[in-house]
Asks: 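Before anything else, here's the structure in question.
Order of the sequence lines fixes the chain letters, A, B, ..., with proteins taken first and strands second; residue numbering starts at 1 for each chain.
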Amino acid sequence: MSENEPAKGYDPHSVEEKWYRTWMDKGYFKADANDGDQPYCIVIPPPNVTGQLHIGHALDNTLQDILIRYKRMKGFKTLWQCGTDHAGIATQNVVERQVASEGKTRFDIGREAFIERVWKWRDEYGGKIVNQLKKLGASCDWSRERFTMDEGCSRAVREVFVTLYNEGLIYRGQKLINWCPRCHTALSDIEAEHEDITGALYYIKYPTADGKGHLTVATTRPETMLGDTAVAVNPEDDRHKQWVGHDVILPLMNRTIPVIGDTYVDVEFGTGALKITPAHDPNDFDIGQKYKLAMIKVIGDDGAMTAEAGRYKGLDRFEARKQIVEDLENEGLLEKIEQHQHAVGHCYRCKTIVEPNLSLQWFVDVKPLAEEAIKAVEDGRTRIVPANWSKTYFEWMRNIRDWCISRQIWWGHRIPAWYCGDCDEIIVAKEDPTKCAKCGSSNLEQDEDVLDTWFSSALWPFSTLGWPDKTPELETFYPTSCLVTGFDILFFWVARMMMMGLKFMDTVPFGDVYIHALVRDEHGQKMSKSRGNVVDPLELIEQYGTDSFRFTLAAMAAQGRDISLSEKRIEGYRHFVNKIWNASRFALMNLDGYTDGFPDKEQLDLKDRWILSRLNDVAAKVNETLDEYRFNETAHILYQFIWHEFCDWYVEMAKPQLYDKENAERRLATQQMLFRVLRSIVELLHPIMPFVTEEIWQKLPGTGESIVIARMPEAQKQELDPDAEAQMDTIIQVVSGTRNVRGEMNINPTARPHVDILCHNDGVADILKAQSEMVCSLAGLASIAVHREFTRPEAAATAVVDKAEVFLSLEGIIDFAEEQKRLQKEIEKVQKDIDFISKKLSNDKFVNRAPADIVQKERDKLEGFEEKKAKLQENFERIGKQCA
RNA sequence: GGGCGGUUAGCUCAGUUGGGAGAGCAUCGGCCUUACAAGCCGAGGGUCAUUGGUUCGAGCCCAGUACCGCCCACCA
């Protein structure tokens, strides 16, 4: 055993920790804006400070790290801008729970003290996800880590808010918004998740004021009737149109409300009569505005009925619903109840059913911003990959509605608006004002609300680079190169970054948006706590090592399709890591006598020229597929090449030469070649598997400081060698053919038989002769003899391959009947091929219309198959005689 | 209601210019051969959901159907 010999199995944990620390100490991840190279920048989708690394983060950040490491190795000046998001509602919820465990509410503590506690919480626990990203190997520039609530980001937020306000794109207004009674805040439209549930449609009679009849309305939310201020019917509707202009009595409240006629009402639905509750339904709100109806708010911000709800005051909204239905029934006003499927909005943070509520909030008029954002994708300034996501993007952008940005919580960027206590002035300013701009009063109070968390996230690509200051970072790295994220935040985040980037930087925030899929469980089910199928990436890393985990994610990341992650797969790739480890171990065990350098062209033998050609082909494909975000192809190309070409064939072919210390020159050339290829392999693999590749690279002779800053191999066209590949193909066919016979015939693997090869092609025969030693070693033979003319032996098994016949003497080794059966099977197989192609070639249309080269190819193939069949037939008959 | 995906080997999935279907795991047979049993050598397994069309030729292009999944949407 040599002192160079590494451990027999690869142990990821110590290696990972060691190298990550080293990389950090050496500052390899730090970007330098003043450096001369071309920039490449990715901004991280900032994880919530409250976050735990889940499988989605793992995929997202693995892909980003692959790109970043790849570009870094290609010599780009590379910045992976990282940081975390303050996550307003989520974080506030966490700290509120903490406070609740002490028996208090945030109101008991007060705003200032509460915010202080959130900061304290953040300082204590907010680093968790950052450390988890490090375990994943993420090569972020941690020295530039940002937080959406830090001083710089906050300044950017104010700058943007004030500018948009001054341009009239931010305004304050009474509108219907989605209200979460549990989080006690307004939400934007996309923060209300619509879910189909089976509810009920209640048919309620509204008696007419003249006492002569009634109109029946249908509603899914009877409790809102308390706030009804009209009933609407379609003026075309013969059933109801006579009531238009008359009044009805609102049951339970005994309020007289008008019947109005509007074509909005669908004659087909329900009874064709629609109750109008402007304060609690978006459509009713519009109708209410149109007809100047009163807006009566009967459901309060806590989800309980208000004083306007009369005797139902104080009841929870769902309790009130029950009570109202019961009361209507008692009064004989409930006509019927039907089952009804409909979509109900839920808070995206706490899943509580949201209430459409009338409320005074701040909004962004996004239409003008969206127009630019649409153009930028249309004309390709930003490319969405895969392209079909741009359809979704356009669809949303074209139907965009005003964005409600105020939140009634404490944790977040407080709205920079002050209200004068002495006049009606609203002051919106970057700096906190001391007195009213209109009346000079110092009786000012700042708006209590904070901004939607996504407001600050929308600025992330430029706020993190120093904006509104003109920094070298901004100059160098904006627009960023690529954004990598899941489709679930296409609207929340990507779309808004596009709008804000274009508005404030006049340029798109990123050239490419790579949208990846969702990670599901091994059966394609969405991972969720309730299903109990959530896998923890940190546990997978613990169990399989980071490299195999990352490789799995990359290998599964086919564009436009969700990932079903199975542990079996990760286990398989752990074997792959180990395979590479052991191949390196083999090379290092045969290091003695090695001197640095590379053999001259003349010293390269067939196997060397072949592997060099293959390596360059693979390098080309790795570069190409990474440039196009085809991560799964990159992974498969490398897997296939490393395992099945390099390990299975090249290393095996190198063995006899490495063991033969007599031929020092040949041995050295092979050693040098082995290290050269191995080195390129780990370099190509490094973006996907950062740790094991560094560990190996460091052990290889003549490398350098770190693989992190090594040069990514690129294809050298002059190294491609089609001749060598064709010749190796022959060798591989002969060896495989021989092995096949041995395997099928159950010949003792330790036996070292002699083999005769019949080959009429001089070129091929020469190659086989020249490589006879190699063929013997690969096929486990004692010797081979290549013949141009040869009388087929009586007792031999046969492998018929392209351009050659292999004869394995069977004296006393096997059963002739068995061999005959095997040959029969082979003949049948070939016959099928012949039939297929003959049919094709006898079709005039094919012969006449298909391109000539395709037709010729088919003819050549047919000739080959027929030749093979003839040989098999001959051998079959010869063996038949033996049987008899 | 609109839009987007999916349907390929027992399982999970690849298959980008249309030219006789691939991988990993699982299965079967043989090997502790001095890098690796987390391995080596061999084998079996698919009318590529369905119907029709374009084409000399379709897993791939077009149209329809079925089933599954996702997103968006103010029919109460």
Asks: Do side-chain atoms of A:R822 reach the backbone of A:T798 as a donor and acceptor pair under 3.5 angstrom?
Replies: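 At least one qualifying donor-acceptor pair exists.
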
Asks: Would you say A:R496's side chain and A:F492's backbone share a donor-acceptor pair under 3.5 angstrom?
Replies: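 Confirmed, A:R496 side chain pairs with A:F492 backbone.
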
Asks: Between P on B:C71 and CG on A:L518, what's the gap in Å once rounded to a whole number?
Replies: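 Roughly 9 Å, once rounded to whole Å.
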
Asks: Any chance you could list the contact pattern along nucleotides 1-7 of chain B? Use B for base contacts, S for sugar-phosphate-only contacts and - for none, protein heavy atoms under 4.0 Å, 5' to 3'.
Replies: --SSSSS

Asks: One pair to check against side-chain hydrogen bond (donor to acceptor under 3.5 Å, both in side chains): A:Y348 and A:E191. What are the steps and the verdict?
Replies: CA-CA 5 Å; A:Y348 86 133; A:E191 286 169 318; 3.0 Å; yes

Asks: Counting any heavy atom closer than 4.0 Å, what does A:E268 reach on the DNA or RNA strands: base, sugar-phosphate only, or nothing?
Replies: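 It contacts nothing in the nucleic acid.
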
Asks: Taking only the C1' atom of each, what is the distance from B:G19 to B:C41 in whole angstrom?
Replies: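 The answer is 33 Å between these two C1' atoms.
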
Asks: Which part of the nucleic acid, if any, lies within reach of A:I276 when heavy atoms closer than 4.0 Å are counted: base, sugar-phosphate only, or nothing?
Replies: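 The residue A:I276 makes no contact with any strand.
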
Asks: For A:I854 and A:W396, find the nucleotide of RNA chain B closest to each by heavy atoms; which residue's nucleotide sits nearer the 5' end?
Replies: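 Its nearest nucleotide lies further toward 5', so the answer is A:I854.
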
Asks: Would you indicate which nucleotide in B:A14, B:A73, B:U12 comes nearest to any side-chain atom of A:H636?
Replies: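 Side chain of A:H636 sits closest to B:A14.
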
Asks: Contact class for A:A218 (heavy atom, under 4.0 Å): base, sugar-phosphate, or nothing?
Replies: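 A:A218: base contact, heavy atoms under 4.0 Å.
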
Asks: Which string of ( ) [ ] | and . matches RNA chain B, if you list each base 5' to 3' and count Watson-Crick or G-U pairs only when both distances are under 3.5 Å?
Replies: (((((((..((((.....[..)))).(((((.......))))).....(((((..]....))))))))))))....

Asks: Taking B:C61 as the reference, what is the distance to B:G18 when you measure between their C1' atoms (whole Å, please)?
Replies: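 Each nucleotide's C1' atom is 8 Å from the other's.
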
Asks: With a non-hydrogen cut-off below 4.0 angstrom, is A:N632 in contact with a base, only sugar-phosphate, or nothing?
Replies: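 Sugar-phosphate, backbone atoms only, no base.
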
Asks: Would you check if the side chain of A:H280 reaches a backbone N or O of A:E223 as a donor-acceptor pair within less than 3.5 Å?
Replies: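 Not at all, since once roles are kept as given, no pair shorter than 3.5 Å links the two residues.
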
Asks: Nearest whole Å is fine: how far is B:C75 P from A:K275 NZ?
Replies: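 After rounding, the reported distance stands at 16 Å.
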
Asks: Using whole Å, what does the distance between atom C1' of nucleotide B:C70 and atom CD of A:E193 come to?
Replies: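 Computing the A:E193:CD to B:C70:C1' distance gives 13 Å.
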
Asks: Dump every N/O contact between nucleotides 44-49 of chain B and the protein below 3.5 Å, one line per pair.
Replies:
none

Asks: Output every pair passing ring-ring contact (aromatic ring centres under 6.0 Å, His included) with a member in residues 547-577 of chain A, not counting sequence neighbours, ordered by first then second residue.
Replies: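 Residue pairs passing ring-ring contact (aromatic ring centres under 6.0 Å, His included), neighbours aside: A:F551-A:Y573, A:F551-A:F576, A:Y573-A:Y639, A:F576-A:Y639.
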
Asks: When we call it a touch if two heavy atoms are under 4.0 Å apart, what does A:T220 touch: a base, just sugar-phosphate, or nothing?
Replies: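 Sugar-phosphate contact only - A:T220 comes under 4.0 Å of backbone atoms but never of a base.
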
Asks: When you compare B:A9 with B:G24, how far apart are their P atoms, in angstrom units rounded to a whole number?
Replies: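 Each nucleotide's P atom is 16 Å from the other's.
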
Asks: What's the closest nucleotide to the A:E744 side chain, out of B:G20, B:G42, B:A76?
Replies: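 Of all the options, the side chain of A:E744 is nearest to B:G42.
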
Asks: Just how far, in rounded Å, is P of B:C75 from CG of A:D262?
Replies: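 Value for this atom pair: 16 Å.
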
Asks: Show the nearest heavy-atom pair for residues A:G270 and A:A218, with the distance to one decimal.
Replies: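 In this case the closest contact between A:G270 and A:A218 is CA-CB, 4.2 Å.
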
Asks: Whether the A:T670 and A:Q657 side chains hold a donor-acceptor pair (N or O, under 3.5 Å, no angle test) is what I'd like checked.
Replies: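 Yes, because at least one side-chain N or O of A:T670 sits under 3.5 Å from a partner of the opposite role on A:Q657.
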
Asks: If we ignore hydrogens and angles and just use 3.5 Å, is the side chain of A:T277 paired with the main-chain N or O of A:A279 as donor and acceptor?
Replies: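 No; judged by distance alone, with no hydrogens or angles, the pair does not exist.
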
Asks: Hey, is CD on A:Q824 packed in by over 12 heavy atoms from elsewhere, all under 6.0 Å?
Replies: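 Yes - once you tally the heavy atoms of other residues, nucleotides and ligands closer than 6.0 Å, there are more than 12.
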
Asks: Specify the residue among A:T219 and A:D562 whose closest nucleotide of RNA chain B lies further upstream toward the 5′ end.
Replies: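 Result of the comparison: A:D562.
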
Asks: Mind listing the closest non-hydrogen atom pair of A:H636 and A:A555 along with its distance?
Replies: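 That closest heavy-atom pairing would be CE1-O, 3.6 Å.
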
Asks: Of all the heavy-atom pairs spanning A:A273 and A:L215, show the shortest one and how long it is.
Replies: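 Nearest pair, atom of A:A273 first, then A:L215: CB-CD2, 4.3 Å.
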
Asks: Rounding to an integer number of angstrom, what distance separates B:U7 and B:U50 when you compare their C1' atoms?
Replies: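 Comparing C1' positions in B:U7 and B:U50 gives a spacing of 11 Å.
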
Asks: Please state how far atom CG in A:D196 lies from atom P in B:G69, giving the value in whole angstrom units.
Replies: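 Those two atoms, CG and P, are 13 Å apart.
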
Asks: Tell me whether the centres of the aromatic rings in A:H340 and A:F269 are closer together than 6.0 Å.
Replies: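 That pair passes the under 6.0 Å test.
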
Asks: Please report the shortest heavy-atom distance between A:W396 and A:A495, naming the atom on each side.
Replies: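 For A:W396 and A:A495, the tightest heavy-atom pair comes out as CZ3-CB, 3.4 Å.
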
Asks: Can you measure A:I260 atom CD1 to B:A76 atom C1' for me and round it to whole angstrom units?
Replies: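 For the pair A:I260 CD1 and B:A76 C1', the rounded distance is 13 Å.
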
Asks: In whole angstrom, give me the gap between the P atoms of B:G20 and B:C60.
Replies: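 About 15 Å, rounded to a whole number of Å.
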
Asks: Looking only at atom C1', what distance separates B:U27 and B:G3, rounded to whole Å?
Replies: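 Here B:U27 and B:G3 have their C1' atoms 43 Å from each other.
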
Asks: How far, in whole Å, is B:G15 from B:G22 if one measures between their C1' atoms?
Replies: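 Going atom to atom, C1' in each nucleotide, I get 7 Å.
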
Asks: Rounded to whole angstrom units, what separation is found between the CH2 atom of A:W493 and the P atom of B:C71?
Replies: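 Going from CH2 in A:W493 over to P in B:C71 covers 20 Å.
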
Asks: Under 3.5 Å between N/O atoms: give me all the protein pairs with nucleotides 55-57 of chain B, atom names plus distance.
Replies:
from: B:C56; atom 1: OP1; to: A:R849; atom 2: NE; distance (Å): 3.4
from: B:C56; atom 1: OP1; to: A:R849; atom 2: NH1; distance (Å): 2.2
from: B:C56; atom 1: OP2; to: A:R849; atom 2: NH1; distance (Å): 3.1
from: B:C56; atom 1: O4'; to: A:K845; atom 2: O; distance (Å): 3.3
from: B:C56; atom 1: O2'; to: A:N843; atom 2: ND2; distance (Å): 3.4

Asks: Is it possible for you to check whether A:K175 lies under 6.0 Å from the centre of the six-membered ring of A:F363, through NZ or CZ, and within 45° of that ring's axis?
Replies: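 Flagged: A:K175 positioned over aromatic ring of A:F363.
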
Asks: Any side-chain to backbone donor/acceptor pair from A:R239 onto A:V267? Under 3.5 Å, distance only.
Replies: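 Judged by distance alone, yes, a pair lies under 3.5 Å.
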
Asks: Which part of the nucleic acid does A:H280 contact within heavy-atom distance under 4.0 Å: base, sugar-phosphate only, or nothing?
Replies: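 The residue A:H280 makes no contact with any strand.
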
Asks: Give a yes-or-no answer on whether the side chains of A:D286 and A:Y264 include a donor-acceptor pair shorter than 3.5 Å.
Replies: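 Side-chain D/A pair, A:D286 to A:Y264: absent.
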
Asks: Is it the case that the side chain of A:E355 and the backbone of A:I299 share a donor-acceptor pair, with hydrogens and angles ignored and the cut-off at 3.5 Å?
Replies: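 Side chain of A:E355 to backbone of A:I299, a donor-acceptor pair under 3.5 Å: no, none is there.
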
Asks: For A:Q341 and B:A73, give me the distance from atom CD to atom C1', rounded to whole Å.
Replies: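 That distance rounds to 16 Å.
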
Asks: Kindly say whether the aromatic ring centers of A:F865 and A:F836 come within a distance under 6.0 Å.
Replies: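 Not under 6.0 Å, so no.
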
Asks: Using the six-membered ring for Trp and the full ring for Phe, Tyr or His, decide whether A:Y639 stacks on the six-membered base ring of B:A23 (centres under 5.5 Å, planes under 30°).
Replies: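 No, A:Y639 does not stack on the base of B:A23.
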
Asks: For every nucleotide of nucleotides 32-41 of chain B, 5' to 3': is a protein heavy atom under 4.0 Å from its base (B), only from its sugar-phosphate (S), or from neither (-)?
Replies: ---BBSBSSS

Asks: B:U16, B:A14, B:A73: which one has an atom nearest the side-chain heavy atoms of A:R630?
Replies: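 Per side-chain heavy atoms of A:R630, the pick is B:U16.
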
Asks: What are the two closest non-hydrogen atoms of A:L59 and A:A557, and how far apart are they?
Replies: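 Shortest heavy-atom separation between A:L59 and A:A557 comes out as CD1-CB, 4.4 Å.
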
Asks: Classify the nucleic acid contact of A:F865 as base, sugar-phosphate or nothing, counting any heavy atom under 4.0 Å across all strands shown.
Replies: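 Since a base atom lies under 4.0 Å of A:F865, the category is base.
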
Asks: Of all the nucleotides listed (B:A76, B:G20, B:A43), which has the minimum atom distance to the side chain of A:Y264?
Replies: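 It is B:A76.
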
Asks: Which part of the nucleic acid, if any, lies within contact of A:K861, taking any heavy atom under 4.0 Å across all strands shown: a base, the sugar-phosphate backbone alone, or nothing?
Replies: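 Base, at least one base atom sits under 4.0 Å.
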
Asks: Using the P atom in both, what is the distance from B:A38 to B:U33, to the nearest Å?
Replies: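 Pairwise P distance, B:A38 against B:U33, rounds to 15 Å.
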
